[in-house]
Amino acid sequence: MNKILIIEDEQRVADLLRHGLEEMGYLAFVAYDAEMGLRLFRSGQYDLVISDIVLPKMSGFDLVKEIKKHNKNIPVIMLTALGTTDDKLEGFDAGADDYMVKPFDIRELEARVRVLLKRVVSDDAGLPEKELTYADLEVNLLMKTVYRDKQEIKLTPKEFNLLTYMVQNPERVLSRTEIAEKVWGTHFDTGTNFIDVYINYLRKKIDRDFDIKLIHTKPGMGFILHSEYENQA
Ligand code: CA
């Protein structure tokens, strides 16, 4: 089932969208401002985003730019009550794939959603996901490359696998046991600390030269990939 994220501060419009999309068989989630939209977007795997332009806390244009930084392939439809050509151009500049002027017919929106979702499917042609992103990290699974803030970071195969697993499971505490099983395919004696060693190698390469630290330790529990972890502590 396709997951759609709706970012719209007008409750009435948000409800209309959510109900309409749910009736068509999509899973729909609503954020009422840009910050909440970004947070939901980062913590879930969505197939499509519908975003209003005039939003509290951040404009829809900036929000779409952020979203596209995380995942440049995700289709985005922008909504506006204004409908001027300037708006439309700015929306496309920000990376929007399509555009709807309010008030709109929900069936027309559904048709556009369907077209965009189909395009993604045919682009991928059934291949597994090639590129994972989290914050300013980009992991290319085919090329086995890692970039942070556009700078390439060289990793060993084990470090690469560990980072991939963390990027696939962001903002969630991963226990040492879980990491050992999923990354090394082994159950291990709890006395060993090889995971801590690899986490430290990764930290040196991924975080040392950057202000925002992504890899954090949850004492006694494990490790977490999170771009805003300090703020939460
Ligand atoms: Ca609005």
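As the structure lists them, so they are numbered: ligands from 1, and atoms in each ligand from 1. The figures here come from the full heavy-atom set of this structure, side chains too, leaving out hydrogens, waters and symmetry mates.
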What atom name does the N, O or S atom of Asp52 nearest to the Ca ion (ligand 1) carry? OD2
Contact check: Val54 to the Ca ion (ligand 1), N/O/S below 3.0 Å: yes
Answer key: the N, O or S atom of Asp9 nearest to the Ca ion (ligand 1) is OD1
Taking all heavy atoms of Leu48 and all of Ile50, pick out the closest pair and write down the distance. CD2-CG1, 3.7 Å
Can Gln11 and Tyr32 be counted as having a side-chain donor-acceptor contact under 3.5 angstrom? yes
Cut-off 3.5 Å, side chains only: do Tyr134 and Glu171 have a donor facing an acceptor? yes
Judged by atom type as modelled, is there a donor-acceptor pair below 3.5 Å linking the side chain of Arg112 to the main-chain atoms of Tyr99? yes
